[in-house]
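Here is the naming used below: chain letters follow the sequence lines, and residue numbers restart at 1 for every chain.
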Protein chains: 2
Amino acid sequence: MSLTSDMDASIDDQAARAAWLYYVGGLTQDQIASEMGLSRQRAQRLVSRAVAAGLIHVRLNHHLARCVELEAALRARFGLVRCRVMPGLGPSRDPVRSIAPAAAEEMERVLAENGSRVIALGTGRALRGMVDALSPVEAPQHRLVSLLGNIALDGSASYFEVIMRLAEKVRAPHYPMPVPVLVDSVEENRTLQSLGAVRKVRGLAQAADVTFVGVGQMSEDAPLMTDGFLTADELHEIQRVGAAGEVAGWIYDRQGRYLDLALNARLTGVRVEIATPERPVIGIAAGEAKIVALRAALTSGIINGLVTDEPTAAGILAG
Amino acid sequence: MSLTSDMDASIDDQAARAAWLYYVGGLTQDQIASEMGLSRQRAQRLVSRAVAAGLIHVRLNHHLARCVELEAALRARFGLVRCRVMPGLGPSRDPVRSIAPAAAEEMERVLAENGSRVIALGTGRALRGMVDALSPVEAPQHRLVSLLGNIALDGSASYFEVIMRLAEKVRAPHYPMPVPVLVDSVEENRTLQSLGAVRKVRGLAQAADVTFVGVGQMSEDAPLMTDGFLTADELHEIQRVGAAGEVAGWIYDRQGRYLDLALNARLTGVRVEIATPERPVIGIAAGEAKIVALRAALTSGIINGLVTDEPTAAGILAG
DNA sequence: TCGCCGTATGGGCAAATACTCACGCGCACC
DNA sequence: GGTGCGCGTGAGTATTTGCCCATACGGCGA
């Protein structure tokens, strides 16, 4: 009513303002409607739009005893440098929802550092959730680098894009891996790897100060297969030789030792094997299906940091 | 005591879990109830308890265009190093509610730095709100120091305690100013100031890397008066000589120049005059009544950082 | 042991919120 | 200029939530 400037405000501005009044101000949608001169319906739509667009972030400020216990147990058993366990949301819900805010906090922790860091990133739904949950912060002092491309065999960019989104939020220089994840032949791979641009990105990724990766399972619902990088037959063959999980496309066994597969020669991405306390590799993953893959990666130290949820943490420790 | 605190802890745990499922998981209270094996009513109570206890933090990740404009204008006009303008909540709501989360973010920004910093703090409702809105972070590398005491003339500790609360949340060493805000005579003040403990805290405060202060108005509702540090007569006399506002008890005129008052000799706290880009002084304040005081403090650079709300920002710029 | 009092609990109900649907407007394509 | 499509809107409705109240439980003093 008195706020005439609302008239020309963009829809997102209005949504943000409505959500602000609703969540922070504690007004009802009726009050928001009269405050902003809208119908109650519209106020409701704005609020729900703001939530859907991720304008509103909710975080829990309380360390649940059970989660803290699991964190401590994981830290002790696998010598982790970072570990967060978030409450589960029940079996039918996407666990990414639960771990994304915590993963975002870990990322913010890195971004808040003053010195210039090289941050390497994998791909996947969990990392994408992390980036979506991240608060925009100006952190141009850091460099972001991809461990692998985001182009599938057929040329589509269906794989979850992480690095560009993140770079947009933090305004940092970024170095995507400018190649497909997987190529058709060893020769093609050799050609690509010899390119200066590729060599530069690889070099940067290998020198990363901190690395964030998803962890893929090698069961029937393996991301490598659902994303079209492996056929069902290939998957079964790889399962047969002991595949337990995969980080950035590189497949390892139940002890977390990378397998020597024909596939490897066609993978273009950087293999993660640098996890040390000074250069941590943080795994972001949760879900029943990923327990085996996570336990293996933790056992050999492919990852030495973990953000997961309660049932997954319990599952890892149960083995 | 341990038994009751265990009870409280487990109740808080339950509350946190319920709120997590509600806000992050998006379950209804019915679903939470069956998930956790409770009645719906209990689930509802847990969620509302979690919100009331501040276990849940909601933040808006969208810089409203109007607020961004105001921020830019304030930055440009007063050469601010930090500036946040949050949307207003309407005239009848407490503006502290609006600015507290943003102020908390500024504080978190400082706390997230790796190096050891000295953080000086004033008192007041706004700072208290900031601390309440702060996420607990372990930041033991920093030192927290008070600019002034929190004891009134009559010995009561009615002034809003900030430093202890903050120290509790971040587990940092803290140095409260161990004296009343105001003493009866110049001699008493001299005696107090000569104490080793006081000198040490003053020295630390003067060397602060960053300072957070509230800003008090000198109108009829001046905090200095309502908190019992000034009588109405004293206030009127000080108004007559041009008082515009006050930071940590030290009164300045409309140009932001500290006034030479008899009162000064009885003030025990540290006068803030160190604002530089390297050692910023951030003012946390909002409200119609504080516009004049804020404009003055910004003009002379007593503060070079600001967290306020939209109407206040507009009011400052209008003058 | 009894009765009182404070506190926690679940049922019921009114308010608030989310969802669905039909309509209307503008726009583009025919 | 007509027509169909898509988007946004408001009305109506189902669901969810917040609040009040009667009641049960447990501690405590008489």
ask   = Side chains of A/His62 and B/Asp13: donor-acceptor distance under 3.5 Å anywhere?
value = yes
Going by salt bridge (Lys or Arg N to Asp or Glu O under 4.0 Å), name the residues that satisfy it together with [X], two or more places apart in sequence or in a different chain.
{"X": "A/Arg45", "result": "none"}
{"X": "B/Arg97", "result": "none"}
{"X": "B/Arg171", "result": "B/Glu138"}
{"X": "B/Asp221", "result": "none"}

ask   = Restricting to pairs with a member in residues 82-92 of chain A, which pass salt bridge (charged side-chain N to carboxylate O under 4.0 Å, His left out), not counting sequence neighbours?
value = A/Glu71-A/Arg84, A/Arg82-A/Glu106, A/Arg84-A/Glu105
Side chain to side chain contact (heavy atoms under 4.5 Å, CB included) against A/Ser39, all qualifying residues, sequence neighbours excluded = A/Gln41, A/Arg42
query = Listed by chain and number, what are the side-chain hydrogen bond (donor to acceptor under 3.5 Å, both in side chains) partners of B/His174, not counting sequence neighbours?
reply = none
Below 3.5 Å between N/O atoms, which protein atoms pair up with nucleotides 9-12 of chain C? Just atom names and distances, please.
residue	atom	partner	partner atom	Å
C/dT9	OP2	B/Arg42	NH1	3.0
C/dG10	OP2	B/Ser39	OG	2.7
C/dG10	N7	B/Arg45	NH1	3.2
C/dG10	O6	B/Arg45	NH2	2.7
C/dG11	N7	B/Gln41	NE2	3.2

Tabulate below the donor-acceptor pairs under 3.5 Å that side-chain atoms of residues 126-137 of chain A make, not counting sequence neighbours, or state none.
residue	atom	partner	partner atom	Å
A/Arg128	NH1	A/Glu161	O	3.4

For residues 20-27 of chain A, run the donor-acceptor check on the side chains, cut-off 3.5 Å, and write out each pair with its distance to 0.1 Å, sequence neighbours left out.
residue	atom	partner	partner atom	Å
A/Trp20	NE1	B/Pro87	O	3.3

query = Given atom CG of A/Leu46 and atom P of C/dT17, what is their separation to the nearest angstrom?
reply = 14 Å
request  = Check DNA chain C against residues 21-33 of chain A and give the residues with a non-hydrogen atom under 4.0 Å, in numerical order.
outcome  = A/Tyr22, A/Thr28, A/Gln29
request  = Considering only heavy atoms of chain A and a distance under 4.0 Å, specify the first and last nucleotide of DNA chain D in 5' to 3' order that meet this criterion.
outcome  = D/dT9 to D/dG12
